[in-house]
Amino acid sequence: MITQAPKGTKDIFGSEIPVWQNIESKMRELCKNYGIDEIRTPIFEHTELFLRSVGDTTDIVQKEMYTFNDKGNRSITLRPESTAGVARAYIEHGMHNNAQPTKLFYIAPTFRYENTQAGRQRQFHQFGVEMFGSYSAALDAEAISVAHELIKSLGIKSVELRINSLGNNESRAVYNKTLREFLGKNISSLCPECRERYEKNPLRVLDCKVEKCKTIIDGAPSVLDCLGEECKNHFEMLKKILTEMGIEYVVDPMIVRGLDYYTRTVFEFVTSTIGAQGTVCGGGRYDNLVEQCGGQSTGAVGFGLGMERLIMTLEAQNGKEEFKPFRHLYLGSIGETGFIKAQAITYNLRRKGIKAECDTVGRSVKAQMKYANKIGAMYSAIIGDDEAANNKISLKNMETGETNEISIDDIYEKLLEII
RNA sequence: GUGGGUAUGGCGCAGUUGGUUAGCGCGCCAGAUUGUGGCUCUGGAGGCCGUGGGUUCGAAUCCCACUAUCCACCCCA
């Protein structure tokens, strides 16, 4: 029990680390070019924040949050997404006083109490970008282009971009009314859940996977037909910019998203290569969120991208990437004098920036060489009484087997040349 | 929350119709004449066969429950 990680959590270590670090550094590099700064918000927030932002009728809030009372009897929730926390920080630190737009990114563990399956864990990691301070579709396009460029630069080909617009408050009200009228005619044929959705949030019905509902939905009016003039223009502008950028997309009026704060643009990057959970990245515009959380009315857009799903997609396409160990030296030893000297020389090499290892177990020379081979050392050397006395060691190239006698004093310069 | 598959040393797997000290491959550790790796050979360590009940003279092997895991529904990243 105690030797097993909790359900839905995973240790990331060993050969996975280089994969993660590689992707993370690409994210950081890309964000630098976009002027997006990193933000690290707390892993937990006041529960109230998520109720207000994500929406208390959503599945996330109703059944998927890790919520508990702390010892001061405050209701605390492990973040089920990061946008709310970032918006909170934006308000709390008066970031609207900065040059706008304010653009932020994060790579953060995120928690949802769900049943696990392929591409779904209880603790997972999101790379996300949030941009505040503009109502223009140009900001939507900029956000989308970050995710698109990241996916493209990793060489992923199987991911498709889908976009939709849910409209602003007015458009949404019109659509909800239209949709209710339409669904009302067929309400008795809908599944029980959809009947409930019909009352609370008819948009959700569009998402239903039940066959009966699907056939009804097929004839449903499209959100896009109910958009007001401004929302329509906004969506058209987004499409124009994306097209000009050369970013391919598909308009999918069925994209609804499970968080209540979205307005106008919503989008997903989807793949069919990693099982049923194919949404690698999802996001959209949320013009009401900052105000809802107690700030000024602020146009904003963002997305969350699942690290695990991104890696799965990458590996489904290319297999697991092999990262070679750094080129380095193994400095073996024999006898007490050599053993002690080896420790000190290794220490000094490391201080100077060279990767080096030595025996800290007390193994035989043979076993030390075996070890050197196993860890992929580029060069090896053994230091014993003779070497210590003559101040010389023979440096062995582990690939070719060639040896080279050098002075111990020159070891650093020599290694600098070849490693 | 629901449904199906799986659960044997670090990893991947065998374990015949229930029968004596549970095997194999890889990995790990050590040796093959005294101070040198990758190949080969030899030896060794490591498992209350997911947990708890039950059936039986006897269970890894049959039954039940629970837990975990995989996949799917739901929802989302």
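All values below come from the heavy atoms of this structure, side chains included, with hydrogens, waters and symmetry mates left out. Since this is a predicted model, take the numbers as computed values, not measurements.
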query = How is the base pairing of RNA chain B summarised as a dot-bracket string, given the Watson-Crick and G-U wobble criteria with both distances under 3.5 Å, [ ] for crossing and | for another strand?
reply = (((((((..((((.....[...)))).(((((.......))))).....(((((..]....))))))))))))....

Listing, residues 276-283 of chain A side-chain donor-acceptor contacts under 3.5 Å, not counting sequence neighbours, or none:
none

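- Listed by first and then second residue, the ring-ring contact (aromatic ring centres under 6.0 Å, His included) pairs involving residues 19-59 of chain A are A:Trp20-A:His125 (not counting sequence neighbours).
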N/O contacts under 3.5 Å, protein versus nucleotides 25-28 of chain B?
unit_1	atom_1	unit_2	atom_2	d
B:C28	OP1	A:Lys374	NZ	3.3

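- For A:Arg120 against B:C70, no side-chain N or O and base N or O form a donor-acceptor pair under 3.5 Å.
- Rounding to whole angstrom units, OH of residue A:Tyr379 and P of B:G37 are separated by 19 Å.
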Contact list (N/O, under 3.5 angstrom) for nucleotides 2-13 of chain B vs protein:
unit_1	atom_1	unit_2	atom_2	d
B:U2	O4	A:Asn115	ND2	2.7

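- Residue pairs meeting the ring-ring contact (aromatic ring centres under 6.0 Å, His included) criterion with at least one member in residues 357-388 of chain A, sequence neighbours excluded: A:Tyr330-A:Tyr371.
- In terms of the ring pair (Phe, Tyr, Trp, His ring centres under 6.0 Å) criterion, A:Phe68 has no residue partners (sequence neighbours excluded).
- With B:A68, B:G35, B:C71 as the candidates, the nucleotide lying closest to the side chain of A:Asp386 is B:G35.
- Listed by first then second residue, pairs satisfying ring-ring contact (aromatic ring centres under 6.0 Å, His included) with a partner in residues 381-419 of chain A number zero, not counting sequence neighbours.
- Under the ring-ring contact (aromatic ring centres under 6.0 Å, His included) criterion, the residue pairs touching residues 255-286 of chain A are A:Tyr261-A:Tyr286, with sequence neighbours excluded.
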Validation: residues 392-405 of chain A side-chain donor-acceptor distances under 3.5 Å, sequence neighbours left out:
unit_1	atom_1	unit_2	atom_2	d
A:Asn397	OD1	A:Glu399	N	2.8
A:Asn397	OD1	A:Thr400	N	3.1
A:Thr400	OG1	A:Glu402	N	3.2

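- In this structure, the CD atom of A:Glu387 is 12 Å from the P atom of B:G35, given to the nearest Å.
- Residues satisfying the ring pair (Phe, Tyr, Trp, His ring centres under 6.0 Å) criterion with A:Tyr66, sequence neighbours excluded, are A:Tyr113.
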I'd like a list of close polar pairs between nucleotides 38-49 of chain B and the protein, N/O only, cut-off under 3.5 Å.
unit_1	atom_1	unit_2	atom_2	d
B:G38	O4'	A:Asn373	OD1	3.4
B:G38	N2	A:Met398	O	3.4

